[in-house]
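Only a predicted model underlies this, so the values are computations on that prediction, with no experimental measurement involved. Residue indices begin at 1 and follow the sequence shown.
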Amino acid sequence: MNIEQIRQPFTDIFPGDLSGNTLQRNTPKVLFASVNPAGFDGPKMIAFNEALSEEIGLGKYEEKDLDFLVGNNLPDNVKTYSTAYAGHQFGNWAGQLGDGRAILAGEIINKDGKKTEIQWKGAGATPYSRHADGRAVLRSSVREYLMSEAMYHLGVPTTRALSLALTGEDVVRDMMYNGNPQLEKGAVVIRTAESFLRFGHFELMSAQREYDTLQDLVDFTIENYFPEITSAGTQKYKDFFENVCTRTANLMTEWFRVGFVHGVMNTDNMSVLGLTIDYGPYSMMDEYDLNFTPNTTDLPGRRYAFGQQGQISQWNLWQLANALHALIKDEKFLEDTLNQYGTYFWESHDKMLCRKFGFDELRESDEEFFTNWQGLMQELHLDYTLFFNQLEKLNAESDVKSLFENVSYVVLTDQRIKKLEDFAKKYEARLSSNSISREASLSLMKQTNPKFTLRNYLLYECIEEISSGKTDMLEKLTRALENPYEELYPEFSTKRPSAYDDTSGCSTLSCSS
């Protein structure tokens with residue numbers, strides 16, 4: 001691997017704490033702290049993403065590269081650090097936060113000039129670990145490795161995973177925060193992104209009134225990651241905020257398209273590049289429920305429930321607007337932009353639903369159709385992914401009961417079947433008014449609706465198998481997630497088994513998951 005090509009432009013530009021001290025503390029007026037990975041004596045490779053390694057410019061993996069993949073024996077050019085940021089967590093200002101389990105190796109540039117940041121997760125304590133050890137357990141590392149790659153192949157903007165390795169040491173975790181800590185296998189995942197910059201980085205500098213550094217940070221972000229912005233002065237910062245709003249709305253639309261629920265949409269978990277970051281207590285939708293949250297910490301308020309993600313992203317953008325006000329100094333512009341966000345998001349969302357249903361365009365009457373469909377989905381507890389897969393097979397001669405009986409998580413009574421039949425008639429009527437052919441409509445659906453999504457129960461089974469020393473399911477899931485619009489494994493295209501309904505890690509998870 002071309003590890004010698006890694007550099008740290010971020011630390012060359014911005015103020016940092018260079019002491020190397022991992023004592024957990026505030027580091028005021030700086031954006032990073034130098035910190036070394038803990039080092040591990042008995043690492044073991046579980047998975048390596050060869051295609052991604054080649055794409056970003058690291059090249060082929062050799063056995064000696066395992067040291068780098070867990071943060072051992074690093075060359076002099078890899079000057080490691082963690083970044084400081086702030087954030088609003090569950091709606092409350094949390095002050096300084098930072099990379100508590102993440103340590104950056106730096107940035108690499110491939111032959112096409114594309115920049116990629118490389119970051120270990122679980123490689124040891126940092127000043128921002130908040131009285132924790134900075135380690136990661138196997139279950140959370142497997143979940144991050146597989147899900148970030150699944151989202152990439154689904155076409156959702158995301159960070160990506162380069163490698164997954166056992167550290168050879170055990171880590172103590174209280175999975176459900178119920179006073180029952182247990183030893184678990186430790187692991188390190190390397191994740192990559194064009195940048196890991198978050199809303200919280202800008203919030204931190206604004207809160208500390210470090211406005212010169214805030215301006216430098218926005219300028220750096222625009223120069224490196226927003227080439228479409230060519231304006232100057234205050235207009236540049238306005239264009240930046242509008243661009244972040246658009247990217248965020250587009251990301252939320254993609255989450256709704258595939259049924260992804262993030263679970264912990266704090267401002268420190270929001271990317272200014274519009275990427276999905278920080279895979280913790282997430283879940284893909286099983287039965288459709290606008291009030292579903294996979295995060296036990298989010299109960300009972302359900303602030304980050306599936307149906308709330310659009311509104312919460314707007315709330316988070318308000319906090320970013322407050323942070324950027326010192327540069328933009330135009331309240332009306334910020335308010336107008338944020339108000340327009342809702343209009344843009346919902347129009348984007350409804351156009352996405354049109355594609356899922358195979359409609360030619362968004363019409364005014366479609367709003368009522370979508371509302372009735374949502375009510376039907378919730379009442380009948382229909383599986384989100386499987387419903388659309390079956391809908392592709394619907395025609396005027398279809399027996400609705402046989403088509404959808406294996407899609408519902410409740411028994412389809414005669415009354416429920418009647419509601420499905422009524423819906424099917426309305427759907428067929430809407431399709432018949434399309435300006436595109438049925439073949440074109442079906443093609444649109446197949447491009448939009450995945451056949452495979454990485455459900456929590458599958459991840460649970462995979463983690464259990466890896467813990468026992470096997471990787472067969474890991475390899476099988478990897479092939480499936482790389483081809484999500486094909487049904488490579490029909491056994492994965494089924495409802496969540498009822499045996500997993502109340503199993504921790506299959507339906508709901510804690511933030512430590």
Side-chain angles (χ1 to χ4, degrees), residues 26 83-102 128-132 176-177 196-209 214 241 244-245 247-253 255-256 260-283 285 289-326 328 331 334-346 349 508-513:
N26 284 330
T83 65
Y85 46 81
H88 285 81
Q89 299 192 322
F90 296 92
N92 299 307
W93 175 244
Q96 179 193 284
L97 301 166
D99 293 324
R101 279 192 295 177
Y128 314 113
S129 296
R130 290 187 291 171
H131 309 294
M176 300 306 296
Y177 303 143
F196 287 94
L197 283 169
R198 309 145 184 271
F199 290 13
H201 285 102
F202 303 87
E203 286 187 282
L204 179 64
M205 291 297 98
S206 179
Q208 295 182 353
R209 300 182 184 275
L214 174 65
F241 183 65
V244 174
C245 287
R247 292 192 188 199
T248 302
N250 291 341
L251 178 65
M252 294 302 108
T253 298
W255 286 4
F256 276 96
F260 177 76
V261 195
H262 186 279
V264 59
M265 288 176 62
N266 298 326
T267 59
D268 53 292
N269 294 335
M270 297 290 292
S271 160
V272 292
L273 273 61
L275 306 175
T276 311
I277 59 174
D278 293 341
Y279 290 91
Y282 66 79
S283 180
M285 288 289 289
D289 183 0
L290 292 172
N291 293 315
F292 171 67
T293 179
N295 185 0
T296 56
T297 314
D298 197 26
L299 300 172
R302 299 180 185 271
R303 175 180 176 84
Y304 299 139
F306 177 63
Q308 294 296 319
Q309 293 180 134
Q311 292 93 319
I312 288 298
S313 63
Q314 186 180 38
W315 190 94
N316 288 341
L317 285 163
W318 274 103
Q319 312 318 310
L320 180 61
N322 290 334
L324 296 177
H325 179 265
I328 295 174
E331 292 87 350
L334 291 170
E335 289 178 5
D336 288 348
T337 303
L338 287 162
N339 289 332
Q340 291 163 10
Y341 175 85
T343 302
Y344 175 82
F345 164 71
W346 285 114
H349 172 273
T508 57
L509 305 101
S510 70
C511 281
S512 70
S513 301

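Put simply, the side chain of I312 reaches to within 4.5 Å of the side chain of R303, judged on heavy atoms. Residues R198 and D278 meet the side-chain proximity criterion, which asks for heavy atoms closer than 4.5 Å. Between T276 and W255, the closest side-chain pair of non-hydrogen atoms falls below 4.5 Å. Here the side chains of Y304 and H262 are not in contact, with every heavy-atom distance at 4.5 Å or above. In this structure the side chain of F260 never reaches within 4.5 angstrom of the side chain of S283, judged on heavy atoms. Residues F199 and D268 fail the side-chain proximity criterion, which asks for heavy atoms closer than 4.5 Å. Contact check for F202 versus L214: side-chain heavy atoms found under the 4.5 Å cut-off. The shortest distance between side-chain heavy atoms of P281 and T296 does not fall below 4.5 Å.
A distance-only check finds no donor-acceptor pair linking the side chain of D99 to the backbone of R101 [under 3.5 Å]. In this structure a side-chain-to-backbone donor-acceptor pair under 3.5 Å is missing from N316 to M270.
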Practice task
Check the pair F196 / T83 against side chain to side chain contact (heavy atoms under 4.5 Å, CB included), numbers first and verdict last.
Solution key: CA-CA 9 Å; F196 287 94; T83 65; over 6 Å; no
I'd like a table of donor-acceptor pairs (distance under 3.5 Å, sequence neighbours excluded) in which one partner is a side-chain atom from residues 87-97, with atom names and distances.
from, atom 1, to, atom 2, distance (Å)
H88, ND1, E203, OE2, 2.8
Q96, OE1, T27, N, 2.9
Q96, NE2, R25, O, 3.1

Scan the side chains in residues 317-324 for donor-acceptor partners under 3.5 Å anywhere in the protein, sequence neighbours excluded, and list what turns up.
from, atom 1, to, atom 2, distance (Å)
Q319, NE2, W315, O, 3.1
N322, ND2, W318, O, 3.4

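A distance of 11.0 Å separates CG of N250 from SG of C245, quoted to the nearest 0.5 Å. Between the CG atom in L251 and the OG atom in S271 there is a gap of 8.0 Å [rounded to 0.5 Å]. Rounded to the nearest 0.5 Å, atoms CD (E335) and CG (L338) are 8.5 Å apart. The structure places CE of M265 at 10.5 Å from CG of D298, a figure rounded to the nearest 0.5 Å.
Nearest heavy atom pair, residue I277 against residue N269, reads CG1-O, 3.3 Å. Contact record, G100 with S129: O-OG, 2.7 Å, taken as the closest heavy-atom pair.
The ring of F256 has its center closer than 6.0 angstrom to the ring center of F306. If you look at Y344 and Y341, their ring centroids are not closer than 6.0 Å.
Residues satisfying the side chain to side chain contact (heavy atoms under 4.5 Å, CB included) test with T253, not counting sequence neighbours, are F345, S348, M352. Every residue two or more places apart in sequence or in another chain that forms a side chain to side chain donor-acceptor pair (under 3.5 Å) with R247 is listed here: E228, N243. Under the side chain to side chain contact (heavy atoms under 4.5 Å, CB included) criterion, Q311 pairs with Q308, W346, sequence neighbours left out. Annotation: side chain to side chain contact (heavy atoms under 4.5 Å, CB included) contacts of L299 (sequence neighbours excluded): T293, R302.
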